[in-house]
2 protein chains.
Amino acid sequence: MNTLAEENYLKSIYHLSVNDGNASTNQIASSLNTKASSVTDMLKKLAEKALINYTPYQGVSLTPSGEKIAISIIRKHRLWEYFLVEKLNFKWDQVHDLAEEMEHISSEELIDRLDKFMGYPKHDPHGDPIPDCNGRFNTHELKPVSAVTVNQSGIISGVRDHSSSFLQYLDKKQLTIGCKIMITDIIEYDHSVVVQTGNKEVHISREVANNLLIAL
Amino acid sequence: MNTLAEENYLKSIYHLSVNDGNASTNQIASSLNTKASSVTDMLKKLAEKALINYTPYQGVSLTPSGEKIAISIIRKHRLWEYFLVEKLNFKWDQVHDLAEEMEHISSEELIDRLDKFMGYPKHDPHGDPIPDCNGRFNTHELKPVSAVTVNQSGIISGVRDHSSSFLQYLDKKQLTIGCKIMITDIIEYDHSVVVQTGNKEVHISREVANNLLIAL
DNA sequence: TTATTTTTTTAGATTAGTCTAAATTTTTTA
DNA sequence: TAAAAAATTTAGACTAATCTAAAAAAATAA
């Protein structure tokens with residue numbers, strides 16, 4: 001199997017290349033809190049193992065086998081997060097770091113049984129889709145609140161920022177996964193957004209609107 | 001915190017010194033499948049951190065802080081074993097290696113919540129006592145079947161050998177934790193033992209009798 | 001109680017992953 | 001398109017954990 005460091009690199013490359021299909025050395029370094037030179041060393045090693053496509057100076061992408069490993073780690077991460085929240089009553093802002101550790105427990109049988117035990121959940125506590133045991137995602141089209149027009153409504157279904165402080169802020173404003181909201185106004189001056197949730201109106205900044213995802 | 005290797009050494013030293021209060025370099029090496037020279041290196045490091053008492057050539061014992069760490073790892077190991085058997089329906093002979101990995105998940109809060117989730121179990125699937133969150137064991141007096149006299153009866157409550165092959169053998173003979181048994185005969189020639197379990201008589205070797213523990 | 005065997009430690013090397021500093025390549029900008 | 005800036009790689013070093021082989025200490029046996 002792969003080392004912990006290798007798994008973290010693969011996961012980071014996966015997340016970074018979801019958008020443009022490619023991750024740069026510096027992006028990886030900053031996402032893993034390490035130095036570019038360390039990244040270069042590891043990229044050579046992963047390329048050697050045929051887990052990434054690497055041409056010096058050109059950034060990297062995952063090969064099918066690299067992607068398979070990355071997705072399996074993401075599956076573990078999200079299932080453990082679900083477990084921690086649903087079974088052990090952690091709050092959604094407390095589980096990320098714990099799951100970072102738990103995602104490296106290697107057994108696939110364990111994770112498949114955990115999946116079954118919890119009734120095959122489709123989304124983790126932050127709304128991120130949980131891939132099934134074949135690595136397939138149930139992708140739903142989500143939009144940031146900042147990209148929605150006035151008078152549209154939808155269900156809060158995900159976040160882009162997973163930091164505790166953001167999640168705690170959402171808790172305080174009662175903007176949590178599953179809430180139905182309606183965009184009632186967009187302030188042109190600073191792109192902040194006014195949303196209706198239940199009986200209240202909440203005013204959120206552009207940044208928050210950008211990191212809050214809804215299903216229309 | 002401590003590295004994975006350090007934790008494994010502390011756990012090994014704990015188990016080895018339960019009997020004679022002391023563990024030798026070679027004992028540790030063989031229990032961790034490593035070489036004596038590697039052990040010496042690590043012992044110096046652990047002594048440096050004041051987790052063990054180490055005098056060259058004289059073997060080692062845990063300091064109170066070393067013991068605290070060892071017990072916390074054992075607590076995690078046994079609680080995860082319980083989880084795997086009771087919640088994920090693994091068999092008792094399948095969980096040891098998985099728990100070896102899971103015992104290194106660092107969060108104490110996680111393990112305390114897991115403990116609560118499962119209703120504070122007192123024994124793991126092999127009958128070993130689970131220390132509470134303060135590191136206290138519920139020690140029960142157990143005897144190997146080989147040390148019991150004819151006509152005595154008791155409840156199977158533990159095993160000394162945790163190997164899959166031994167546990168599978170016990171399953172086949174229906175000699176599992178919680179079974180009431182009675183020793184009906186001891187064969188002088190080879191010290192094998194005949195036990196009554198339910199409606200059946202089972203004949204077990206001296207070695208099996210040695211590794212099977214009962215509460216009288 | 002000396003010689004032999006066993007156990008343990010030391011010395012020196014290796015691997016994985018990381019680092020800093022310097023060199024190189026690519027990108028940007030003027 | 002040449003110079004400057006940014007990104008990336010290389011070179012060389014470090015740490016943790018391990019190894020083999022040799023040396024030293026302790027235990028055992030003659």
Side-chain angles (χ1 to χ4, degrees), chain A residues 1-17 19-62 66 69-70 73 100-101 103-104 106, chain B residues 1-17 19-62 66 69-70 73 100-101 103-104 106:
Chain A
M1 262 312 276
N2 308 286
T3 65
L4 194 144
E6 285 169 356
E7 291 190 351
N8 284 332
Y9 274 88
L10 292 173
K11 185 172 53 131
S12 164
I13 294 165
Y14 180 89
H15 286 308
L16 290 169
S17 54
N19 310 311
D20 39 349
N22 210 265
S24 77
T25 301
N26 268 357
Q27 284 177 322
I28 298 167
S30 103
S31 101
L32 294 174
N33 287 307
T34 183
K35 295 298 149 80
S37 57
S38 310
V39 174
T40 302
D41 285 347
M42 182 59 93
L43 295 184
K44 287 181 191 164
K45 193 172 151 198
L46 294 174
E48 193 82 16
K49 289 188 164 194
L51 298 173
I52 60 172
N53 306 113
Y54 172 53
T55 327
Y57 297 101
Q58 300 310 136
V60 294
S61 61
L62 295 174
I69 295 168
I73 296 162
E100 281 301 274
E101 246 186 290
E103 72 192 8
H104 300 289
S106 58
Chain B
M1 262 311 280
N2 309 285
T3 65
L4 194 144
E6 285 169 357
E7 291 190 350
N8 284 332
Y9 274 89
L10 291 173
K11 185 171 53 128
S12 164
I13 294 165
Y14 180 89
H15 286 308
L16 290 169
S17 55
N19 309 311
D20 39 350
N22 211 263
S24 77
T25 301
N26 267 357
Q27 285 176 320
I28 298 167
S30 104
S31 101
L32 294 174
N33 287 307
T34 183
K35 295 296 149 81
S37 57
S38 310
V39 174
T40 302
D41 285 347
M42 182 59 94
L43 295 185
K44 287 181 193 167
K45 192 171 151 198
L46 294 173
E48 194 82 17
K49 289 188 166 194
L51 298 173
I52 60 171
N53 306 111
Y54 172 54
T55 328
Y57 295 103
Q58 300 309 135
V60 293
S61 60
L62 295 174
I69 295 168
I73 295 162
E100 283 297 277
E101 245 186 291
E103 72 192 6
H104 300 289
S106 57

Trainee: Identify which one of A/Ser17, A/Ser31, A/Ser30 satisfies the side-chain hydrogen bond (donor to acceptor under 3.5 Å, both in side chains) criterion when paired with A/Ser12.
Mentor: A/Ser31

Trainee: In the strands shown, is C/dA30 matched to any nucleotide by a Watson-Crick or G-U wobble pair with both distances under 3.5 Å, and which?
Mentor: D/dT1

Trainee: For the pair A/Tyr9 and A/Asn2, evaluate side chain to side chain contact (heavy atoms under 4.5 Å, CB included) and give the outcome as yes or no after the intermediate values.
Mentor: CA-CA 11 Å; A/Tyr9 274 88; A/Asn2 308 286; over 6 Å; no

Trainee: How many whole angstroms separate atom OH of B/Tyr9 from atom C1' of D/dA16?
Mentor: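 My rounded result for the distance is 11 Å.
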
Trainee: Check side-chain contact (heavy atoms from CB on, under 4.5 Å) between B/Asp20 and all other residues, then give those that pass, not counting sequence neighbours.
Mentor: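 By the side-chain contact (heavy atoms from CB on, under 4.5 Å) rule, B/Asp20 matches no residue at all.
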
Trainee: Between D/dT10, D/dT18, D/dT9, which nucleotide has the shortest distance from any of its atoms to the side chain of A/Lys44?
Mentor: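 The answer is D/dT10.
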
Trainee: Do B/Val39 and B/Leu32 have side-chain heavy atoms sitting under 4.5 Å apart?
Mentor: no

Trainee: Measuring from atom CG of A/Leu46 to atom CG of A/Leu10, what distance do you get when rounded to the nearest 0.5 angstrom?
Mentor: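 Reported value, rounded in 0.5 Å steps: 5.0 Å.
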
Trainee: Would you tell me if any nitrogen or oxygen in the side chain of A/Asn26 comes within less than 4.0 Å of OP1 or OP2 on D/dA6?
Mentor: no

Trainee: State which of C/dT10, D/dT8, D/dT18 makes the closest approach to the side chain of A/Thr40.
Mentor: D/dT8

Trainee: Between the protein and nucleotides 19-21 of chain C, list the N/O to N/O atom pairs that are separated by less than 3.5 angstrom.
Mentor:
unit_1 : atom_1 : unit_2  : atom_2 : d
C/dC19 : OP2    : A/Thr34 : OG1    : 2.6
C/dC19 : OP2    : A/Lys35 : N      : 3.1
C/dC19 : OP2    : A/Ser38 : OG     : 2.6
C/dT20 : OP2    : A/Lys35 : NZ     : 3.3
C/dT20 : O4     : A/Ser37 : OG     : 2.9

Trainee: Rounded to the nearest 0.5 Å, what's the gap from CG on A/Leu4 to CD on A/Glu103? Could you check?
Mentor: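 One finds 8.0 Å between CG of A/Leu4 and CD of A/Glu103.
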
Trainee: So how far is it from A/Asn8 CG to A/Ile28 CD1, rounded to the nearest 0.5 Å?
Mentor: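 Separation between the atoms: 12.5 Å.
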
Trainee: Can you tell me how far apart CE (A/Met42) and OG1 (A/Thr3) are? Round to the nearest 0.5 Å.
Mentor: 5.0 Å

Trainee: Which whole-number value in Å describes the distance from B/Leu43 CG to C/dT9 P?
Mentor: 7 Å

Trainee: Among residues 47-58 of chain B, which ones have heavy-atom contacts with DNA chain D below 4.0 Å?
Mentor: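 Residues of residues 47-58 of chain B under 4.0 Å from DNA chain D: B/Tyr57.
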
Trainee: In whole angstrom, give the distance that lies between atom CG of A/Leu4 and atom P of C/dT15.
Mentor: 21 Å

